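From a predicted model like this one, the values you see are computed outputs, not experimental measurements. Both backbone and side-chain heavy atoms feed into the values below; hydrogens, waters and symmetry mates do not. Lettering of chains follows the sequences in order, A, B, ..., and the numbering in each one begins at 1.
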Amino acid sequence: MILATVFESGVSIQFYLILATVLFVIGALGVMTRRNSIILLMCIELMLNAANLLLVAFSSYFGKADGQIFVFFIMVVAAAEATVGLSILVMAYRNARTVDVGIFNKLKG
Amino acid sequence: MQSLSNRSKVVSDKPMTFMEKLYLPAILGGMWITFTHLFRKHNTLKYPEQTKAFAPVYRGMHVLKRDEQGRENCTACGLCAVACPAEAITMVANEREKGEEHLYREEKYAEIYEINMLRCIFCGLCEEACPKEAIFLTDRLVPTEYERADFIYGKDKLVESMDYRIDITDRQSTGKRTEK
Amino acid sequence: MSDFTLNNETVLERISAHFGDAILSSETPYDLLTLVVEPTRVHDLIKFLKEDEALQISFLTLLGGIHFPDNKGKELGVNYHLHSLIHNFRIRLKIYFSIENPEVDSIVDLYVGANWQERETYDFFGITFKGHPNMTRILNEDDMDYFPMRKEYHLEDATREDKDDRFFGR
Amino acid sequence: MLEKLILVGIIFTISLVIAMYATYFERKVAAWFQDRIGPDRAGPFGLLQPLADGVKMFLKEDFIPRNSDKWLFIMGPGIAMFTSLMTSTIIPWGPDIVTASGNIVLQVADFDIGILFILGVVSVGVYGIMIGGWASNNKFSLFGAIRASSQMISYELAMGISVITIVMMTGSLSLRDITEAQHGMNWNIFYQPLAFVIFFVCSLAELNRAPFDLAECESELIGGYHTEYGSMKLGFFLFAEYVGMFISSAVISILFFGGYNFPGMDMVEGNTLAVLGVVALFVKIFFFIFVIMWIRWTLPRFRFDQLMHLGWKTLIPLALINLLVTGLVIAFTSGWFN
Amino acid sequence: MSNWIEEEKSSLLKSNQNEKPQLSKETIDGDIATLNLGPTHPATHGIFQNILRVDGEKILSSEQTVGYIHRAFEKLAERRPFNQITPITDRLNYCSSPINNIGWEMTVEKLIQAEIPKRVDYMRVIIMELARIADHLVCNSVVGVDTGALTGFTYVFQEREKIYELFEEVCGARLTTNIGRIGGFERDFSPTFHYKLKEFLRTFPKVFNEFDSLLARNRIFMDRTMKAGPISGERALEYGFVGPNLRAAGIDYDVRSMNPYSSYQDFDFIIPVGVNGDTYDRFMVRQEEIRQSLRIIEQAAKNIPEGSFKADLPDFYLPPKEKVYNNMEALIYHFKIVMGETPIPAGEVYHSVEGGNGELGYYLVSDGGRTPYRLQFRRPCFIYYQAYPEMITGSTISDAVLTLSSLNVIAGELDA
Amino acid sequence: MSIEILVYILGGLTVGSALMVVLSKHPIRSVMYLILTFFLISANYIMLNAQFVAIVNMMVYAGAIMVLFLFVLMLLNLSKENEPKSSLLVKIASALAGGSLLLVLVAAIKDIVVLQVAEKVTDNASGLVQNLGHLLFTKYVLPFEVSSILFIAAIVGAVLLAKRESQIIE
Amino acid sequence: MGKIEDLQTINGEGYQLSRLEHVLATARANSVWPLPFATSCCGIEYMATMGSNYDLARFGMERMSFSPRQADLLIVAGTISKKLGPILKKVYEQMAEPKWVLSVGACASSGGIFDTYSVLQGIDRIIPVDVYVPGCPPRPEQIIDGIIRIHELVKNEPLRRRYSEEYKHLLHDHNIETNE
């Protein structure tokens, strides 16, 4: 079953371009302003999702499935990033009792 | 350590067999057992619609007996109160006056006789202690109440009424302290 | 020592050989060897009983206090019931000391199971066990200010209202 | 469109009613297994018991612990309830009903992704328990939440892999296609008994039902994640559990027991077939609800690490082997190696 | 109202309401938290508290608080005449009251050196073994409940109800039996009792086997219970373990065979032992003990000798009521016994019986007064429960719950 | 047209909840908003007729990754109080930077001319499972296999990282 | 605290509940979930009541709520010592309204045989008790009797009672904090 989709309406691809851009910028803003490293990771996920959205939009508008395949690979990367990132965080938290991004400065040595 | 009794047996060293390791046989066996119970007659007493007969010697609510002529047996000797481990019995003795012979069998009687049913542990020691066969525990249950004060049972609740005599012959005929 | 059979006489003999000075008296009420021992030596005696190869009295059955208010200078006491599971032989040790300085050596280092029993004895009688890891009350509240099992204290709860004792002299 | 709305309404109501009466049925079944009577004083045979419980919970003081996170505390049961109701959208309830104005499809939505939708929604269902348990601000709740979520995440894998075999055999993710492929007595259980066992065990784990009810086992965690919940919020959690039970039974019946197919269905046709199909599906659903209860009242529960071992070290490898074997068989029979 | 009521002891509750659930803040090292198991936790089956320090599910250490239902038994016993102490002993290990009652009576009989007829011994054996079955059934079915299998519990409780009926037939009460008197029994076994006993012996094994096959060889149950809360034999002895818990650790110490009382030497029974002292061993030992108890009851019921159901103890056993009326001497004895004025020898005596949880001892010091001078109970629960932290350290919370229920810690006996 | 409005509303909601992720003080709420954002993005995918990606997005992000985040937050118990605060300067600077980035990007996008759009977009079936599967296992089979290796590496790495060096038992 | 007559006069409602209230109260009475606060002997009898032979499930009460938040009826079965008193009170405070208390057995109701320094002489000193069940321990029949009495109370309770001034006074008399 195919639901009613955007193609029946007049929504152009620019809308999705802008939407994805805004989401990306929000994510970037979060990375810059927040100091809780878990939230940083979450913002990175948000940015990756913005990219995904763009890929899917292009893939749909151009009728080519390749874009959606890339989404899967991005998801793989995101999942791997989240697991490794979180385990590093937990590790860092155990040692420093904080999740402030500042602690990573100490790694400079 | 060596065996102390010479009749011990190890009961829990059977290793798990392969079939047992598979989980399923024991699970299915257990489910079969519960399944057979599905068709078994239930074993439930539908209280309060149904009631169950207690043993004739059941230790329930007390009764203060009267004798055949309707006189109270109790002579207020106080043995029951002394024997009570919960100290739940209170009594005040009084001399029988003239004209009261039809009420009290002995010269002394209990003017006040109170059992705190909430304290009482229904151990039956008062019944044993009574030398006058005045107090007995019966197979009736003490009802539940809303107020603590309602559990102080005075003579109005304890002494049997002549119209509704409480039969305790079963209780006495169960071989209790009789000589063989 | 395999031919050594445990009975009241042989055990008493053997203990006397090592702790002759510590045993104040001995009797056998109801066929149970009972020794009254010097309080300071009881720890060593129990240790000896546990470790002696012939006796092997190595099971602590019961430990508890007792209070004799009229026995001046020896008001408080502690009883130890020990059991040799291998020889099926029981022995009772008793020590007495004054209520002013109720202190004895703890035997927790010999029997872990004595831990709570000693705490309970402290809780009930106020007998302090030296060397106990945690000498606090166990059954009663921590802020209780007396030792309830001593004879001078009342059993009853003062707040009970529904009792009239006047008639029975309880 | 209207008939879809009506269908949604009917399915919603049926799910709720069945969930309500599943509580009653559970108590009765427990009683029968235990030589008891069960509830019999609220209405005839105790039939009004679920209503009484509902009224009671509704009238109970709505209580939010002082130190909890109020927002999330309320959200927890809501999410649990929502997700468990959402899965019912793609269940094909029966063959089409033929009317003058065309066929009525007894399915709210037939997504292309079908069974994946169920897995997706179920994977979201974990949030209700997790958030509820965390927001209650109670250690036992937190333990329950952590246990529930790690258990549900772990068992999703084996569940998904076991479903893939069915998808491979059918060649479609759509539940309707899967049902149609099992026409007559061509049920998947005969081809995939191992996948069925794995799927069944995993759905028990997903439902937090015995012997996997570690998230709320009262002997260890008092009430687990719903320890601090009372009144209707608790009702939502309990409801979600029973709705989940209903839906899981439906999915099991559809995936492995032919859904609305029944033996001898070729002899009838038209609306009789539709009605009988719906009846057949519901008979299967009730049977599985009964089996789930039966298991609960028979088996002891696992310990948490044993549960994880079972999931990761037994069920997933088994499911993978099953997948491999199924793939090989399909490859051979469809002549890929020729 | 005294001021203890005003005191808020919030930390005693099962969860501390004023504190965020922190798995971390407690200590800086690792994710360690404290968890209150009890006092009102459902797993404690009674009231006692365990403060666990856990790291995730793993228990690092535990601290116990007991005394929540401390009822001052020993003080109470110093204020009650000898015959009034029997009802108090009921409430020690309330799962097997008759053993406590009879143990106390035998202690007094030992003090006064009474001769007990053989028939009384056999009657006592029947009653005590019934009580042991009742006790073990509670324990084992509760182990089942704690693993999540509720149904077995309901099966065996139906049989336990029959044991209650048997007790009721003898003494008139179900749980706190106050059975027996110093010197024997209150009354002889009635024909109904014999009939019901026969019925029980007939139906019980079947139900019991059902219960056994629901759990004993079920892998889920075995996995749960094996290696849960183990203790070695040597350590168990150090802690003063007795009874089934000690036997599960492999040491076959049983008072019934070591110091036979009440004619236990006449009966043929084996003493089941375990290997590792874990929950499964304890469960299996209790299961086997139930079977052995059945055997003992069968033997006793078959060989019960004729004779009197009471000893000839005019100083302690109340005279029959008819005599009290007609016989001055009997009346005097009656009064003396009830008032507790009969002469009791001064002395001290220790007597122990094999209770539901092992050696249940009575240390009685009498100064010749109407009440004991000092009566100390050896409560097995109290002594072996101290080993609990050691047994659960390093295991998980689930194991801790099972260990607790398989130890059969009875709050009444624990706190006295 | 109703679908158009729906799409715009959806877009607005997505932006709003994404903003809330950044703005919420409480980390748990951030997570909740992020989950909501993912759901809304999934909805967007459905509007783009990419059902499979939508449901996978839901399963992977909402069902797995965010559970991990929530898990970590719960375990570390990071509440509002111990959230570290950024200085105002950093906030202003990052707002400026973000704003200019947005400006540049939007300006660039405005000039984009979409050269070619698929002919018959109305029955676009590229998002359906069959197409995707076909592509994934033919054209992209090598990246697919490589990504599984990446996964294994990530799992091993995560386990090794999070494993405690030695269990602390006092 | 809880005589039926008392309930009915609160709020000047008279003896008649409105029809809706009556239906709701009856529904409520059929779904009273117990929180067993079982400490000792009475707890074992409570277990027997839960068992097949007496089957508390018939009253819709087999769903035990060990969490006070979910419970309607606090069943206090067994001795409550002074050390345990504050805990019992805390559990009572944690329960959500409406809540009832059933005091099972002599020990909980009055201290029973244990008139000693460590035992609370009746839990009504710290929490309001609705129904007392005598016996030591009570038979399952008596426990069920008590529960039926509780049901009577629930059936006759106006929905508004828990907001009334009288009720607040009652809680105040027992030093119970509300609105936790």
Side-chain angles (χ1 to χ4, degrees), chain B residues 1 3-14 16-17 20-27 29-30 32-34 36-37 43 52 54-60 77 79-80 82-86 121-125 127-133 137 139 171-172 174-180, chain E residues 80 83-84 86-88 151 155 158 165 168-173 176 178 186-188 190 192 210 213-214 217-220 222 233-234 247-248 250-254 257-258 269-276 280-281 284-285 287-288 308-309 318-322 324-325 331 334-335 338-339:
Chain B
M1 202 162 155
S3 174
L4 303 170
S5 58
N6 294 323
R7 44 172 149 167
S8 65
K9 188 183 102 181
V10 179
V11 290
S12 64
D13 56 346
K14 251 199 317 184
M16 243 187 270
T17 62
E20 281 167 350
K21 275 188 183 153
L22 283 181
Y23 289 105
L24 283 177
I27 288 176
W32 172 247
I33 289 173
T34 44
T36 54
H37 279 262
N43 205 351
K52 186 162 97 175
F54 303 155
V57 295
Y58 187 75
R59 302 200 302 250
C77 65
L79 276 189
C80 48
V82 173
C84 181
I121 57 165
F122 302 95
C123 59
L125 291 184
E127 174 185 324
E128 277 186 17
C130 184
K132 289 288 170 193
E133 290 197 326
L137 278 72
D139 57 359
R171 200 177 171 76
Q172 285 165 310
T174 46
K176 186 183 163 97
R177 259 192 270 131
T178 44
E179 291 291 332
K180 263 230 156 148
Chain E
R80 296 278 183 270
N83 60 344
Q84 285 184 30
T86 323
I88 299 173
T151 306
Y155 293 167
Q158 293 173 43
E165 280 176 22
E168 199 181 308
E169 204 58 47
V170 181
C171 68
T176 47
N178 188 15
E186 199 183 345
R187 57 179 73 82
D188 207 349
S190 65
T192 332
E210 262 179 4
S213 45
L214 267 180
R217 299 305 291 178
N218 185 333
R219 181 168 174 197
I220 303 178
M222 289 168 91
E234 289 73 39
R247 292 192 279 273
I251 293 172
D252 56 339
Y253 170 51
D254 188 326
S257 79
M258 200 174 242
F269 62 100
I270 62 160
I271 297 168
V273 293
V275 182
N276 303 315
Y280 187 67
D281 284 350
M284 290 307 277
V285 164
Q287 291 286 85
E288 187 57 36
S308 172
F309 57 91
L318 286 168
K321 287 230 166 159
E322 309 87 69
V324 176
Y325 298 132
L331 185 65
H334 185 91
F335 264 77
V338 172
M339 304 290 282

4.5 Å side-chain heavy-atom contact, E:Thr86 and B:Leu125: no
Most contacts with chain B, counted as non-hydrogen pairs under 4.5 angstrom, among E:Leu331, E:Leu214, E:Thr192, E:Asp252: E:Asp252
Side-chain heavy-atom pair B:Val11, E:Gln287 within 4.5 angstrom cut-off: no
Value rounded to 0.5 Å, distance of CD in B:Glu127 from CD in E:Glu186: 7.0 Å
Spacing of CZ belonging to B:Arg7 relative to CD1 belonging to E:Ile271, to within rounding of 0.5 Å: 5.5 Å
Between B:Gly29, B:Cys77, B:Pro25, B:Cys130, the one whose heavy-atom pairs under 4.5 Å with chain E are most numerous: B:Cys130
E:Thr151, part contacting chain B, at a heavy-atom distance under 4.5 Å: side chain
Minimum-distance pair of heavy atoms, taken over all atoms of E:Arg217 and B:Ala26: O-CB, 3.6 Å
Side-chain heavy-atom pair E:Asn178, B:Arg59 within 4.5 angstrom cut-off: yes
Test item: E:Arg219 side-chain N/O and B:Leu22 main-chain N/O as donor-acceptor pair under 3.5 Å: no
B:Val10 backbone acceptor or donor facing E:Glu288 side chain under 3.5 Å: no
Part of E:Gln158 lying under 4.5 Å from any heavy atom of chain B: side chain
Heavy-atom proximity to chain B below 4.5 Å, by part of E:Thr176: backbone
Residues, nucleotides or ligands: over 12 heavy atoms within 6.0 Å of E:Met258 CE: yes
Side-chain heavy atoms of E:Tyr155 within contact of B:Thr34, under 4.5 Å: yes
Trace of the side-chain contact (heavy atoms from CB on, under 4.5 Å) decision for B:Val57 with E:Glu169: CA-CA 7 Å; B:Val57 295; E:Glu169 204 58 47; 5.6 Å; no
Which portion of E:Asn276 sits near chain B, non-hydrogen atoms under 4.5 angstrom: neither
B:Pro85 backbone acceptor or donor facing E:Arg80 side chain under 3.5 Å: yes
From CZ (E:Arg247) to OG (B:Ser8), nearest 0.5 Å: 10.5 Å
B:Lys21, part contacting chain E, at a heavy-atom distance under 4.5 Å: both
Non-hydrogen atoms of B:Glu128 and E:His334 that approach each other most closely: O-CE1, 3.2 Å
